[in-house]
Structures are given as C-alpha cells and as structure tokens.
Novice: 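Next up is a structure, given as structure tokens.
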There are 2 protein chains.
Amino acid sequence: MVTKTEYTIQQVAEITGLSGHTLRYYERIGLLSSVVRAANGHRRYTDDTIREIEFLNKLRATGMPIREMQHYAELRRQGQSTLAERQAMLKSHHAVVTEQLRLLQEYLKVIEYKIALYQKLQEEQQHESTSVGS
Amino acid sequence: MVTKTEYTIQQVAEITGLSGHTLRYYERIGLLSSVVRAANGHRRYTDDTIREIEFLNKLRATGMPIREMQHYAELRRQGQSTLAERQAMLKSHHAVVTEQLRLLQEYLKVIEYKIALYQKLQEEQQHESTSVGS
DNA sequence: CTACAACTTTGAGCGCACTCTAAGTCAAGG
DNA sequence: CCTTGACTTAGAGTGCGCTCAAAGTTGTAG
C-alpha cells in the first residue's frame, strides 16, 4: 500500500518559511499548480509541491520578479514542450544573478575600504587626544 | 583663485544614475547634507556630494534599507565623535552582505543544476522522437 | 450541545522606495 | 513683452510583494 505523505498549510509554512497567507497568495496568482484538497476543502500539500515551493523560494531570493515566476509556472503547466523555453529563462536569470554577484563583491570591497578608513581615522583621533593629554 | 566645480541636479542625475526626483527625495529625508543653493534657489552639487551619493548608491545596491541609511547620514552629520558607531554599522552591514552573497552563490548552483537537468530532459526527448521517427 | 481551533474565501490594507503632478519662480532668447 | 525650459515646493500616486481582516465552514474535545 502506498501512503503519500501529505502536509497541512501550517506544516508547509513551517517547512518552507513562507506564511500560510503567502502560500495561498502564491496559489491564487498561479505560482503553485495542483494543490489538492481534503474532503473538508482544506489544502493538502505533497512532497512534490514542497520541492516546487523551495525552488520558487530560491528564484525569489535571487531576485526574480513574481511576474517572471508566474510565466515560468505557466510554462511548467504546459508540459515538456516548454522545456527549452524554461531552460532559456533560467539561463537568462543565471546571467542576471551572476552580474548581481559581481557587483555585490565590488561594493563589498568599497565597504571594506571604508571600514579600514574609519579605523585609521579613529586611531589618529586616539593619538591626538593622547598627545594632548600628556 | 580657487574655482569649485559645481553641478546642476540634471548633471548629478546623469552622473549618479539617480533621477532628479530621487535626488530631491534623498535630500528631503535627510540622506544628503548640505546641498547649497544658487542665487535663484537651484541646487548646486559639489564633487564631495557626488561622492557621498555614489557611496549611498552602493549601500542601497547591497540592500541597506533607507531607514538605516538615514541613521548613517545622521551620524555623519554629528561629526567624528560617531566614527566608531558608523564603523560598527558598516561592519554589521558587511556581515549581512557577505551572508547574502553566500546564499546567492548557493542558489546559483541550484539553478545551474536545473539548467543541466533541463538539458538532459531535452536530449532524451530528442532521442525518443528520433527513434519513433525511424 | 457548545466552544474552540484550524481552516476557507474575497477583498482591503500596508510598507517600501520611489515617481509623478500641480502650481509657481526665474533667466535667457526672440 | 512673451515664451520656453529648467528649476522649485508640497503632497499625491504607483508598483511590488506580501499581509491582514471579515465572515463563514468544519472537525474535535469537553
């Protein structure tokens, strides 16, 4: 006998870090396909859906706009005929994130420089007050 | 004779990539100190201010909230007595960005994995249609 | 039987960071 | 003189991504 593990919205919220509100919102706008219902109308999530959500979370965390994710989800719903297009989307997003990463690293260096500068200024300040004090 | 180069809001907009609207907004909310005025009331920006704006842009691009930048600008206005606190802010922000960078890299790898997976699926699809066709 | 908790829906509200509008001032050119 | 255009202000509006509220249903425990 095959027992599929199913999860309530609460459980999925805890697992994925999204709120119940957000999970319903994602479903409403078409980001999540096929969330089945229990007899009482409550949502029952499967492991598959959880994996789907976790991938969506990674797209979001890397800055993909909701609009684009909706398009991606729509393609997924259309089946394997859209594999190439989905791959192209991911490649394009990959390029964007890579550039974003490059910039972040560059700016991080500027911040490091500034921290070092503040260090120097503080030491000079220290030195002055010491020589005045003596 | 010392001739300080000054810039109009238009010029600063072009240089910094911010719109004139945003430059005025930043000043209003206290991000920019000491923007002097020409006789007719128009803003005149100095090289110093431009450098200030460009640093603010890097803080924004690395995800620092406006609120925090306001605090930073406020400390700057209070003079060198706040050097240590400003340095602490930058250090804390540095840590946040570093973690963000780590996550981005991790998620980028997941995206790469998915791109490769889609590649494989497409090749399998290709193969099937070929064998059916023959 | 009743209370309660967990869910459901639709639609409104919110925080952030801008972005734009309206009405007015001013200097230069025709 | 009059238009044009770049600027000024205060305040309203926008888009994004949630987040919450209200009203209703269902299942379980006392």
Novice: When you measure only distances, ignoring hydrogens and angles, does the side chain of Arg28(A) come within 3.5 Å of the base of dG11(C) through a donor and an acceptor?
Specialist: yes
Novice: Please evaluate residues Thr8(A) and His42(A) with respect to the criterion side chain to side chain donor-acceptor pair (under 3.5 Å), reporting the C-alpha separation (whole Å), side-chain torsions for both, the decisive distance (0.1 Å), and the verdict.
Specialist: CA-CA 8 Å; Thr8(A) 66; His42(A) 291 193; over 6 Å; no
Novice: Specify the separation, in whole Å, of atom CD1 of Ile9(B) and atom P of dT25(C).
Specialist: 19 Å
Novice: Name the nucleic acid region contacted by Ser19(B), choosing base, sugar-phosphate or nothing; use a 4.0 angstrom heavy-atom cut-off, strictly under.
Specialist: nothing
Novice: Using heavy-atom distances to pick each residue's nearest nucleotide on DNA chain C, tell me which of Ala39(B) and Met64(B) is more 5'.
Specialist: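 Nearer the 5' end of the strand: Met64(B).
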Novice: Side-chain N or O of Gln10(A) versus OP1/OP2 of dA6(C): is the shortest distance under 4.0 Å?
Specialist: no
Novice: Have a look at Arg37(B) and say if it touches a base, only the backbone sugar-phosphate, or nothing, with a 4.0 Å heavy-atom cut-off.
Specialist: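 Sugar-phosphate, backbone atoms only, no base.
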Novice: Is Arg44(A) close enough to dA6(C) that one of its side-chain N or O atoms is under 4.0 Å from OP1 or OP2 there?
Specialist: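 For dA6(C), neither OP1 nor OP2 has a side-chain N or O of Arg44(A) closer than 4.0 Å.
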Novice: How close or far is atom P of dT10(C) from atom OH of Tyr25(A), stated in whole angstroms?
Specialist: 15 Å
Novice: For Leu23(B) and dA6(D), give me the distance from atom CG to atom C1', rounded to whole Å.
Specialist: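 Rounding to the nearest Å, CG of Leu23(B) and C1' of dA6(D) are 15 Å apart.
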Novice: Is the phosphate of dC7(D) approached by Arg43(B) (side-chain N or O, under 4.0 Å from OP1 or OP2)?
Specialist: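 No, no such contact exists.
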Novice: Does this structure show an ion pair linking Arg77(B) with Glu74(B), if we count only N-O contacts that are shorter than 4.0 Å?
Specialist: yes
Novice: May I have the distance from Arg60(A) (atom CZ) to dC18(D) (atom C1'), rounded to whole angstrom?
Specialist: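 After rounding, the reported distance stands at 9 Å.
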Novice: Indicate, with a heavy-atom threshold strictly under 4.0 Å, whether Arg24(A) touches base, sugar-phosphate, or nothing.
Specialist: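 Counting heavy atoms under 4.0 Å across all strands, the contact made by Arg24(A) includes a base.
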Novice: Is the distance from OP1 or OP2 of dA17(C) to the nearest side-chain N or O of Arg67(B) less than 4.0 Å?
Specialist: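 For dA17(C), OP1/OP2 do not have a side-chain N/O of Arg67(B) under 4.0 Å.
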Novice: Looking at Arg43(B) and Glu27(B), is any side-chain nitrogen of the basic one under 4.0 Å from a carboxylate oxygen of the acidic one?
Specialist: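 The answer is yes: the pair qualifies as a salt bridge.
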Novice: With nearest nucleotides of DNA chain D determined for Thr8(B) and Tyr26(A) from heavy-atom distances, which residue corresponds to the more 5′ nucleotide?
Specialist: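 Between the two, 5'-proximity favours Thr8(B).
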Novice: State whether Tyr7(A) and Arg44(A) meet the cation-pi test: NZ (Lys) or CZ (Arg) under 6.0 Å from the six-membered ring centroid, and within 45° of the perpendicular axis.
Specialist: no
Novice: Nearest whole Å is fine: how far is dG15(D) P from Gln70(A) CD?
Specialist: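 Atom-to-atom, Gln70(A) to dG15(D), this comes out as 15 Å.
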Novice: Write down the distance between CG (Asn40(A)) and P (dT9(C)), rounded to a whole number of angstrom.
Specialist: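 It is 11 Å, rounded to the nearest whole Å.
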Novice: Just how far, in rounded Å, is P of dC16(D) from CE of Met69(A)?
Specialist: 14 Å
Novice: Taking a hydrophobic cluster as the set of Ile, Leu, Val, Met, Phe, Trp and Tyr residues connected by side-chain heavy atoms closer than 4.5 Å, whether directly or through intermediates, do Met89(B) and Leu104(A) fall within one such cluster?
Specialist: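 In one cluster with Met89(B): Leu104(A), no.
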Novice: I need the NE2-P distance between His21(A) and dC18(D), as an integer number of Å.
Specialist: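 Rounded to the whole Å, the gap is 13 Å.
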